[in-house]
> 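Okay, here's the structure, questions in a sec.
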Amino acid sequence: MIANTRVVLVRPHYAGNVGSVARVMKNFGLNQLTLVSPYADPLSDEARRMSTHGENLLTNAKIVDTFEEAVADCQLVFATSANVEGLYRGSHYGRPDEVLPVFVDSLQTGPSALVFGPEPHGLANAEIAQCHGLIRIITDHEYSSLNLSMAVGICLYELRRQFAQRTANYQTPPSRQIANYASQEEMFRHLRHGLEAIHYVWGTKADLLFHGIRQLIARSNPTPVEVRMLHGLARQMEWVAAQLPPKADDQPSGGE
Ligand code: SAH
C-alpha cells in the first residue's frame, strides 16, 4: 500500500515548502505527513495556499518533538541529502531508483519513512547515521541542493513508478515483516553495549566502527525474530565479559 509511506520533514523553515510537500504527497496518493520541531506553521495561509488540494494533509499533519518519535513504528527509515561527503554519508548512499525497491517491498507490511532535512543546512551527520539508508538525487555538482518540496516530489515520483510497476506484474509473495525502528534501536543499543563489554567497540574509533556494524545490520532488514537473536548475542557478550578478569583500558582492542 503506497499510503504506508510516511514523509518526515525535520525542522522545516518555510511554510510554503511545507504546503508544496503536502500537495505533491496528495498527487502521489500519500497522506502521512510528520513534522519534527517545525519552524514553519503548517496551518498558515502560505502553507495552505501552496497545498491546494493537499490541504487535508496539513490539517492532519503530525507534529512531534524528536526524530525518534516520528519514525518509532516504521520499518525502513531512509534519509535524503545532496551532500554525500564524509564517512557517515559516503559509504551507503544511492539514487532513488537504486534504493527504493526494498522500501516499496516493505510497504506491504506496514509504514516506512522518507526523511527530509531543514532548508538551510539539511540533516546532520548524527541524524543520517540514525537512518537505515541514504538517498541522493543526482544534480549538477555546481549547485547540488534542490528545493525541499522538489526533492520530495522526485523521490515520490520514483516511488510511485516502482509501486505501479510492481502491482502491474504482481507475482511475488508478501515480503517478510521488518522489525520496527524503535525495536531495532533498542537492539542496537544493547549490541553496542555487548561489543563495548568485550572491547571490540572501543577507543577513538568506536562511533565510526559501530556505525559500520549498524549499517551492515540495517541493510539486511532484520525481522522481529532476528532482532531477538541479536539481543541474545549482546546478552551473551555481556555475560562472557563479566566472567573475564578486568582489562586495562590501554590494551589493544580488536576493533578493526
Ligand atoms: N544545503 C542543504 C540543503 C537542504 S535542502 C543540503 O545540501 O542538504 C532541504 C532538503 O531537501 C535536504 O535536507 C534533503 O532532504 C532534500 N534534498 C535537497 N537536495 C537533494 C538531493 N540532491 N538529493 C536528495 N535530497 C535532497
Side-chain angles (χ1 to χ4, degrees), residues 5-28 30 32-42 44 46-47 50-51 54 57-58 61-71 74 76-104 111-162 181 215 218:
T5 308
R6 182 172 309 163
V7 170
V8 177
L9 304 183
V10 178
R11 301 183 296 280
H13 279 55
Y14 304 116
N17 278 340
V18 177
S20 302
V21 167
R23 180 199 175 134
V24 79
M25 285 178 66
K26 182 88 175 180
N27 288 140
F28 289 113
L30 272 51
Q32 296 187 41
L33 174 61
T34 300
L35 310 177
V36 180
S37 300
Y39 295 105
D41 177 2
S44 63
E46 179 65 3
M50 296 303 284
S51 69
L57 274 89
L58 294 177
K62 200 169 161 202
I63 299 183
V64 296
D65 290 332
T66 64
F67 166 79
E68 286 81 0
E69 284 172 78
V71 298
C74 288
L76 290 179
V77 179
F78 286 169
T80 55
S81 180
N83 172 7
V84 291
E85 300 294 316
L87 291 165
Y88 283 101
R89 299 165 187 249
S91 57
H92 64 287
Y93 70 91
R95 300 186 309 261
D97 60 300
E98 293 170 326
V99 175
L100 287 175
V102 59
F103 189 95
V104 175
S112 282
L114 295 174
V115 183
F116 296 84
E119 297 90 338
H121 305 298
L123 296 165
N125 276 345
E127 290 165 330
I128 292 204
Q130 275 182 291
C131 293
H132 302 133
L134 177 60
I135 296 176
R136 181 207 189 196
I137 300 160
I138 293 180
T139 45
D140 195 87
H141 64 272
E142 287 274 318
Y143 186 26
S144 60
S145 175
L146 289 156
N147 164 271
L148 172 60
S149 65
M150 296 196 186
V152 175
I154 291 169
C155 290
L156 296 191
Y157 165 72
E158 181 58 27
L159 183 76
R160 183 82 203 201
R161 193 188 69 78
Q162 291 192 13
Y181 185 85
Q215 290 304 324

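First listed ligand is number 1; within each ligand, the first listed atom is number 1.
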> For atom 8 (O) of ligand 1, grab the closest protein heavy atom and report residue, atom and distance to one decimal in Å.
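Checked against all protein heavy atoms, atom 8 (O) of ligand 1 sits closest to Gly122 CA, 3.7 Å.
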> Report yes if the side chains of Glu68 and Gln130 come closer than 4.5 Å at any heavy-atom pair, otherwise no.
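Yes, at least one pair of side-chain atoms sits under 4.5 Å.
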> Do you know the tightest heavy-atom contact between Leu100 and Gln162?
C-OE1, 3.5 Å
> Closest non-hydrogen protein atom to atom 15 (O) of ligand 1, residue and atom name please, with distance?
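Scanning the protein heavy atoms, the shortest distance from atom 15 (O) of ligand 1 goes to Thr80 OG1, 2.6 Å.
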> Judged by atom type as modelled, is there a donor-acceptor pair below 3.5 Å linking the side chain of Ser149 to the main-chain atoms of Val21?
no
> Near Pro118, which atoms of ligand 1 are under 4.0 Å from a heavy atom of that residue?
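Counting from 1, the qualifying ligand atoms are 4 (C), 9 (C).
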> For Ile135, counting its heavy atoms only, list the atoms of ligand 1 lying under 4.0 Å from any of them.
24 (C)
> Give me the residue, atom name and distance of the protein heavy atom closest to atom 4 (C) of ligand 1.
Glu119 O, 3.4 Å
> Taking both backbone and side-chain atoms of Ala151, is any N or O found less than 3.5 Å from an N or O belonging to ligand 1?
no
> Looking only at heavy atoms, is any part of Ser144 under 4.0 Å from ligand 1, and if so is it the side chain, the backbone, or both, or is it neither?
backbone
> Is the ring pair Tyr181/His132 parallel, tilted or perpendicular, if the boundaries are 30 and 60 degrees?
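Because their plane-to-plane angle lies in the 30° to 60° range, the rings of Tyr181 and His132 count as tilted.
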> Please report which non-hydrogen protein atom sits nearest to atom 19 (N) of ligand 1, along with the residue it belongs to and the distance in Å to one decimal place.
Leu146 N, 2.9 Å
> Work out which heavy atom in Ser51 is nearest to a heavy atom in Arg23; give both atom names and the distance.
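Result for this residue pair: O-CB, 3.4 Å.
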> For atom CG of Leu87, decide whether the heavy atoms of other residues, nucleotides or ligands shown that lie under 6.0 angstrom number more than 12.
no
> In terms of side-chain heavy atoms, does Ser81 have a donor or acceptor partner in Asn83 at a distance below 3.5 Å?
no
> With a 4.0 Å heavy-atom cut-off (strictly under), which part of Ala79 contacts ligand 1: side chain, backbone, both or neither?
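Neither part.
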> Find all atoms of ligand 1 within a distance of less than 4.0 Å from any non-hydrogen atom belonging to His121, and give their numbers and elements.
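The atoms of ligand 1 under 4.0 Å from a heavy atom of His121 are 2 (C).
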> Is the closest side-chain heavy-atom distance between Asn17 and Pro12 below 4.5 Å?
no
> When you compare ligand 1 with Ile137, is there at least one nitrogen or oxygen pair between them that comes in under 3.5 angstrom?
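Yes: some nitrogen or oxygen of Ile137 is under 3.5 Å from one in ligand 1.
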> So, for Val115 and Cys131, which heavy atoms are closest and what is the spacing to 0.1 Å?
CG2-SG, 4.5 Å
> Can you tell which of Pro12, Ala82, Ser149 gets a heavy atom nearest to atom 20 (C) of ligand 1?
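Result: the heavy atom closest to atom 20 (C) of ligand 1 is in Ala82.
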> Applying a 4.0 Å heavy-atom criterion (strictly less than), which segment of Asn147 is in contact with ligand 1: side chain, backbone, both, or neither?
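Neither; no heavy atom under 4.0 Å.
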> Look at atom 25 (N) of ligand 1 and find which of Ser81, Ser145, Pro120, Ala124 reaches it with the closest heavy atom.
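When every heavy atom of Ser81, Ser145, Pro120, Ala124 is considered, Ser81 comes closest to atom 25 (N) of ligand 1.
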> What about Gly117: any of its N or O atoms under 3.5 Å from an N or O on ligand 1?
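Yes, at least one N or O pair falls under 3.5 Å.
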> Inspect the contact between Glu127 and Arg11 and indicate whether a charged nitrogen and a carboxylate oxygen are less than 4.0 angstrom apart.
yes
> Run the numbers for me: atoms of ligand 1, each under 4.0 Å from some heavy atom of Arg136, listed by number.
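Result: 23 (N), 24 (C).
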